[in-house]
Amino acid sequence: MDPVVLFFLLGFAARFAKSDLKLPEALYETLSIYLLLTIGLKGGVELAKHPIGTVLPQATAAVAMGACLPLLAYPALRWLGRLNGFDAASIAGHYGSVSVVTFAVGVSFLVKRDVPFEEYMPLFVALMEVPGIVVGILLARTMGSGLPAASTSRVAINWGALAHEIFLGKSVVLLAGGLAIGWFAGPKGLEPMSPLFFGLFKGVLALFLLEMGLVAASRIGEFRRTGPFLIGFGIVTPILFGMIGVMVGKWVGFSVGGATLLGVLAASASYIAAPAAMRIAIPEANPTLSIVTALGVTFPFNLTLGMPLYYAIAQWLVSP
């Protein structure tokens with residue numbers, strides 16, 4: 001288990017035991033800004049290493065897939081799981097976005113088996129982080145009123161204000177802005193800043209997950225009502241999304257290793273950028289449902305059973 005996950009468990013256990021441990025709100029805000037910006041910078045640096053024409057078709061397909069996945073998850077959450085619109089949109093956004101830690105474990109999985117993969121795959125982590133979040137916010141603002149599905153079409157929507165909130169919201173600006181800065185500056189330009197933005201990343205992530213553990217435990221009672229459905233959702237969804245990711249990888253010409261990693265990304269659920277973004281953009285949503293499902297169900301499933309499954313599917317589809 002990655003040590004940063006243990007920080008989540010520490011926060012969860014501390015709050016469950018009624019400890020008075022808590023992080024100042026200003027510190028949480030700072031951690032969120034740091035993580036979102038650093039993820040964008042990492043993707044921009046990887047993009048600067050390769051000609052845009054080489055990766056543009058593959059990047060376009062990955063971004064399009066990341067935007068479509070929440071649209072597949074939302075109806076199941078809204079009508080099968082009977083969640084309100086805000087919670088369904090938030091969870092869908094988490095599952096449309098990706099997990100950096102899951103990707104890192106996927107790389108280790110392939111390296112141990114001497115399976116080659118495209119060296120610019122880290123770029124897709126940052127590229128696929130944003131679309132799912134944006135679509136999740138869009139779903140929340142258009143369908144998150146909690147009204148029955150038949151009546152949502154009668155709700156007046158200020159599309160100009162909605163577009164401003166989505167594309168100029170703090171979370172999207174930090175992710176996209178970091179991507180642009182990393183791209184323009186390149187590895188050499190960001191080298192003086194690397195100790196701050198890259199060297200401290202995992203430590204800041206650990207503190208962020210400590211806060212997420214505190215938040216999750218404080219609202220665990222609200223998870224019990226929909227827990228059985230979300231447990232099933234947290235297992236079935238990554239299998240379906242992982243298969244989609246591998247098929248898209250084959251379609252854009254990835255190797256077996258590259259298709260496997262794209263499947264891993266599609267199957268993962270974000271518990272770094274998405275919780276930070278959703279807490280800012282959709283404060284009406286219950287973060288416990290998203291975090292516990294993504295981190296408590298999908299994350300361990302992907303680490304134990306998911307990755308061998310996605311690799312086997314990639315071997316079957318991609319191998320000549």
Derivation and outcome, salt bridge (Lys or Arg N to Asp or Glu O under 4.0 Å), residues Glu211 and Arg15: CA-CA 10 Å; Glu211 169 67 8; Arg15 182 56 54 87; over 6 Å; no
Which atom of Met243 lies closest to which atom of Ile313, heavy atoms considered: CG-CD1, 3.5 Å
NZ or CZ of Lys22 within 45° of Tyr28 ring axis and under 6.0 Å: no
From OG1 (Thr293) to CD1 (Ile231), nearest 0.5 Å: 8.5 Å
Tyr34 and Phe197 aromatic ring geometry - parallel, tilted or perpendicular at 30°/60° bounds: parallel
Note, Val252 side chain near Phe254 side chain (heavy atom, < 4.5 Å): yes
Donor-acceptor contact present, side-chain Lys250 to main-chain Val318, <3.5 Å: no
Flag, side chain of Thr304 to backbone of Pro300, donor-acceptor distance under 3.5 Å: yes
Stepwise side chain to side chain contact (heavy atoms under 4.5 Å, CB included) test for Leu309 and Leu305: CA-CA 6 Å; Leu309 175 61; Leu305 300 176; over 6 Å; no
4.5 Å side-chain heavy-atom contact, Val111 and Phe117: yes
Rounded distance (nearest 0.5 Å) linking atom CE of Met193 with atom CD1 of Ile181: 8.0 Å
CA sep, side-chain torsions, deciding dist, call: Leu230, Leu77, side chain to side chain contact (heavy atoms under 4.5 Å, CB included): CA-CA 8 Å; Leu230 289 179; Leu77 292 160; 3.9 Å; yes
Nearest heavy atoms of Ile282 and Gly136, plus distance in Å: CD1-O, 3.9 Å
Heavy-atom pair with the smallest gap, counting every atom of Ala88 and Tyr74: CB-CE1, 3.6 Å
side-chain contact (heavy atoms from CB on, under 4.5 Å) against Val125, all qualifying residues, sequence neighbours excluded: Val98, Val100, Phe103, Glu129, Leu265
CE (Met247) with more than 12 external heavy atoms under 6.0 Å: yes
Side chain to side chain, Leu179 and Leu127, heavy atoms closer than 4.5 Å: yes
pair Ile91-Leu83: side-chain heavy atoms closer than 4.5 Å: yes
Side-chain donor/acceptor of Ser99 to backbone N/O of Ser270, under 3.5 Å: no
Derivation and outcome, side chain to side chain contact (heavy atoms under 4.5 Å, CB included), residues Phe208 and Phe7: CA-CA 9 Å; Phe208 179 80; Phe7 280 80; over 6 Å; no
Nearest non-hydrogen partners of Leu174 and Ile33, listed with the distance: CD1-CA, 3.8 Å
Check: Leu71 and Leu139 side chains under 4.5 Å, non-hydrogen atoms: yes
Pairwise side-chain contact, Val264 with Phe109, heavy-atom cut-off 4.5 Å (strictly under): no
Tyr95 side chain vs Phe241 backbone, donor-acceptor pair below 3.5 Å: no
Side chains of Phe86 and Asn286 in contact at under 4.5 Å (non-hydrogen atoms): no
Taking every non-hydrogen atom, the tightest pair across Ala269 and Ala294: CB-CB, 3.6 Å
Separation of Leu72 CG from Leu240 CG (nearest 0.5 Å): 9.0 Å
Side chain to side chain contact (heavy atoms under 4.5 Å, CB included) between Ile244 and Met65, intermediate numbers included: CA-CA 8 Å; Ile244 293 173; Met65 179 180 67; 4.0 Å; yes
Leu27 CG to Leu207 CG distance, which is reported to the nearest 0.5 Å: 6.5 Å
Contact summary for Pro70 and Val135, nearest pair of heavy atoms: CB-CG1, 3.8 Å
Passing candidate, side-chain contact (heavy atoms from CB on, under 4.5 Å) with Val297, options Asn302, Thr237, Val292, Ile235: Ile235
Ser90 side chain to Asp87 backbone, donor-acceptor under 3.5 Å: no
Sidechain-backbone polar pair: Ser97 side chain, Gly132 backbone, donor-acceptor under 3.5 Å: no
Pairs satisfying salt bridge (Lys or Arg N to Asp or Glu O under 4.0 Å), at least one member in residues 47-59, at least two apart: Glu46-Lys49
Side-chain heavy-atom pair Ser255, Glu118 within 4.5 angstrom cut-off: yes
Salt bridge (Lys or Arg N to Asp or Glu O under 4.0 Å) partners of residues 23-39, not counting sequence neighbours, each pair once: Glu29-Lys170
Rounded distance [0.5 Å steps], CE in Met307 versus CG in Leu261: 8.5 Å
Separation between CG of Leu36 and CG of Leu41, rounded to the nearest 0.5 Å: 11.0 Å
